[in-house]
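As the structure is a prediction and not an experimental result, all values here were calculated from the model. Chain naming here is simple, since letters A, B, ... match the order of the sequence lines and numbering starts at 1 in each.
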Amino acid sequence: MFLLVHGVPAQETFTSGQLQALHQKVTPAIGLVRFSSEVINPTSGEVSKRDGNALGLVVSPGGLVMTHGHMVLEGTTPFNISVTLGLLAEEKEYPAKLLRKPDDINVVFLQLESPTPLDLPHVTFQSDAAPVLGQPLVIFGMLGDSMDFAPAWDEARINAVLDQPRTTYCLNANLRFGFVGGPVLNTAGQAVGVTGFDLGRAEGGELYTRSGHPLLYQASLFQKYIDAPPGEKGVEGEEGDAWLGVFTQPLTDEFAQYWKLERRGGLIVSTVVPGSPAAEIGLQPGDIIISFNNTPIQARQDRDVLGFTQLVRQAGAGNEVEVTILRAGQPEQLHVKVGARPRTSREAEEHEDPYLGLTVREITTDMRIAMNLPEDVQGVIVRRVKSGSPAQEAGMRPMVIILRLGPHPVTTLEDFRQAVEQMARQKPAEVSVFGRFGAATGFFRLNPRW
Amino acid sequence: MYVLEQRVAIDASGAIGRIGRIGRIGHVRQVRQVCPKTGGSALWAFLLLAVLLSGCVTTGGLEHRIIQAKDRVAPALVHIRPVKEVYSQGRREEMLVVGSGFIISPEGYVVTNEHVAGESSVVHVILSDKSEVPAKVVGVDPYTVLAVLKLDVDYPLPFVKLGSSAALETGERVLALGSPHGLARSVSEGIISVTDRHLEDRGAMASPFNNWLQTDAAINPGNSGGPLVNLRGEVVGVNARVLSGAENVGFAIPIDVAKEVVTAIIEKGRVERSTIGLTLQEMQAQTDNPDRPGVLVADIDPLSPASESDIHPGDILVAVNGVPVNARFEEDLPPVQKLMADLPVGQAAELTVERGGEPVAVQVTPEELSQPRGTEQEFEEWAFTVSDLTPQHARRARLAARKGVHVSGVQVGGLASQAGLQQGDIVLSMDKIEIEDLPHFTELYKERVASGQSLVLLFVKRGALTRFALIEQEAKPEPATVAPEPSVPVPPVQQGEPLHVE
């Protein structure tokens, strides 16, 4: 039997002339992103700085630049960001500000800052181009520091296509750091996506990664962010960040057999986050979600869980949807108002205090879960401890939760700010801090240098 | 009642007799082998006699005094090679360790460290004459890291004289005897660097009831359990810890602490202590004002007697059953914590706390203090190890009650691992039956393994999250992906510590 391959463009390889033309067309949009980042030592709280660089791709004439998401990892804060365009030619460096990292794809957007309006060469994507297995592609990137970050290309083909949890195209290229985030073009000269590197997170917090293999992030995954760029970092969560507040496991055939259910898949509720929309409608561990917003849920493997995350996101915050569950084997219909995802640690507000040498931040829901903190623990979390500060002297560390500062109870960042301000007026020689570290509480005595 | 002090008295008065006993275990002959340069046993015996007749260590130079002190202890010094039971990566394994110890009575009680001899099935003890005798573990006390062994002999043995650690002074010269890196009968020398070092409590290394002697006498892995000796030849401490990365910063349990613990172990097999669930801090953690007596209440365990009483973090504990307590500095905490641990279990105690400047009387009934580590067990069919919940487990997992068991290790490719269980998980229920404790879990487990029921449902807690795990008893374990062991098995030998402090 013969399998007919459908949709392969007539031309199977790139000619030298074509590569030269594409190179000329694409490289003006490739820039070098330089940034510094702060890395916080999780035990001592001391902060060290280091410089990094990455490929940045100009995706709009007005100076929207897309780069890969590793710039913004947990525990690091990039700053002093600049983008140099016109590499190896007339180089020009622009300062850039970081926009909020999308949470469904591992890319980050930067906005170049310029006193005059920009009209830059940029890459436009063909978001409806459907890549196919075996298709030849050219990937653009840049070489390393020792090669002056020279723009370069490489040929690659799609060597695997995975359907779940979202259509994923794998590239048979070596994963070279300077190529991640670079544009990927087909033989028709269309930009079909960028070289990607996954770091996804599923609803339920189970990290779902396909790291180590270069991927083609097809344009349909990120075109929406080019059309409507995310806000600046630290700005309140956007529309579309929907949340139910459940952690789930797929209903494998073995679970179905144990509970004497049909082997049709579903999602077992394993944990319900207190105060979430799921808790409000009384979802319990052991309930099995079989339908959500009129879409049947047939998850049977771990990777299927991510599909549910997307369904929740599609349902949209603020909308009421129907959920069908099996409880003790019997179907039940519930209506749930999809909530807005609470701010995550990445967006948590911070406050740097000059007197005690502490940077503290609010307790976000994800931190509460990660630290297994009860709801009744309200306070602020130590994020950084300045080297040589009174806080360091007193033995304070990151992750200490401050519950009381001197005589002032602290439940919010604002409480903390006000408590310090009040004390700064009275200038007590010592300040007793009541805090929590892990599961236990205790005291720290600080001698502030007012 | 068996009091260590009495045996010490016998030792002091029966010193000549001790030589006779050494002779009976062939010590003199062995000495000659070790020290051929001394010119034979007659000279050796003469020297010993001379030392003993001189009565006290006042004569001679420093070197002479060191030799005298060493000679008083060395005959009772032992080299210990226990086969320890260790649980690692979901398996129970046996491991040969080496450590040190010393004989404290003619019938053969030996003091060593809990991390040397605890959880051992077989203990071989090598005496100073290099003969090997079997021993059994009488009892252990993880809180003071002490263990007591009983040698299986039917003749009297040489034993050490226990001194007093309270009488020690910083700067006083001491010797450390033992088996550094397995090298038996080694002596090193130094001084007492500090008499009351407080070592911060850290998980498995918590020592809430004692401060430590710090010495610069070289202490290495293998020295654990060996004696720290003053120049009168009296044991003043039990070497147990070193500061890793430092030079000559070693720690010994003061002998005064050890005497009480060892007596309790010999009499009852263990040390009974109570708790009400308070964590205390020194007053300096709140204020450096020297006029503030008392001890700071830092924390209340939520599943403890104190949690049901009117006592709160921030209260100042000023008296226990009318006895004033004070801890301005952290070094003052162990005596207060010991006082509290000595309160009788089940008998109401009256605590006086100060709150907002006013004294408040609080009645609390102490419960028994549990061991810092739970009993551990391997479950071969499911290929994992499980331990009893400690209060710390219950607390970290925020359990409503101390019910369930703790997964302490999971074998790669086994049924538990295939079901997604991980080290640190707490198993709350099996087939919807709430698990009480390790014996209950064992009972349920055995029933299911015997019945061969194809699927067993566990409900587990992992941090803030709960999840379901299905043990597929019919599933075949995955073949090991690791290369087979080399054909010549090399038994693992661990140098019997000392525990390292970071």
Testing the basics here: between [X] and [Y], what is the closest heavy-atom pair and its distance to 0.1 Å?
X      : Y      : value
B:S454 : A:Q257 : OG-NE2, 3.9 Å
B:F459 : A:P285 : CZ-CB, 3.9 Å
B:L457 : A:W259 : CD2-CZ2, 3.7 Å
B:R467 : A:S270 : CA-CB, 3.8 Å
A:A440 : B:D299 : CB-OD2, 3.4 Å

Heavy-atom count check: over 12 atoms from other residues, nucleotides or ligands less than 6.0 Å from [X] [atom1]?
X      : atom1 : value
B:R355 : CZ    : yes
A:E375 : CD    : yes
A:Y258 : OH    : yes

Distance col, row B:R462:CZ vs A:T271:OG1, nearest 0.5 angstrom, shows 10.0 Å
One should read off an interatomic distance between A:Q249 CD and B:T466 OG1, to the nearest 0.5 angstrom, of 8.5 Å
Portion of [X] that has a non-hydrogen atom of chain A nearer than 4.5 angstrom:
X      : result
B:A394 : neither
B:Q284 : both
B:Q281 : side chain
B:D301 : neither

Report which part of [X] has an atom under 4.5 Å of a heavy atom belonging to chain B: side chain, backbone, both, or neither.
X      : result
A:E254 : both
A:F443 : both
A:L373 : backbone
A:V272 : neither
A:I268 : side chain

Legend entry - Partner chain B: residue of A:A429, A:G442, A:G438 with the largest heavy-atom pair count (under 4.5 Å):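 Looking at each option in turn, the highest pair count goes to A:G442.
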Specify which of [options] makes the most heavy-atom pairs with chain A at under 4.5 Å.
options                        : value
B:G420, B:G463, B:P302         : B:G463
B:V456, B:L296, B:I300         : B:L296
B:R398, B:K461, B:Q453, B:R395 : B:R398

Check: [Y] and [X] side chains under 4.5 Å, non-hydrogen atoms:
X      : Y      : answer
A:L251 : B:F468 : no
A:N372 : B:R396 : no
A:F255 : B:L455 : no

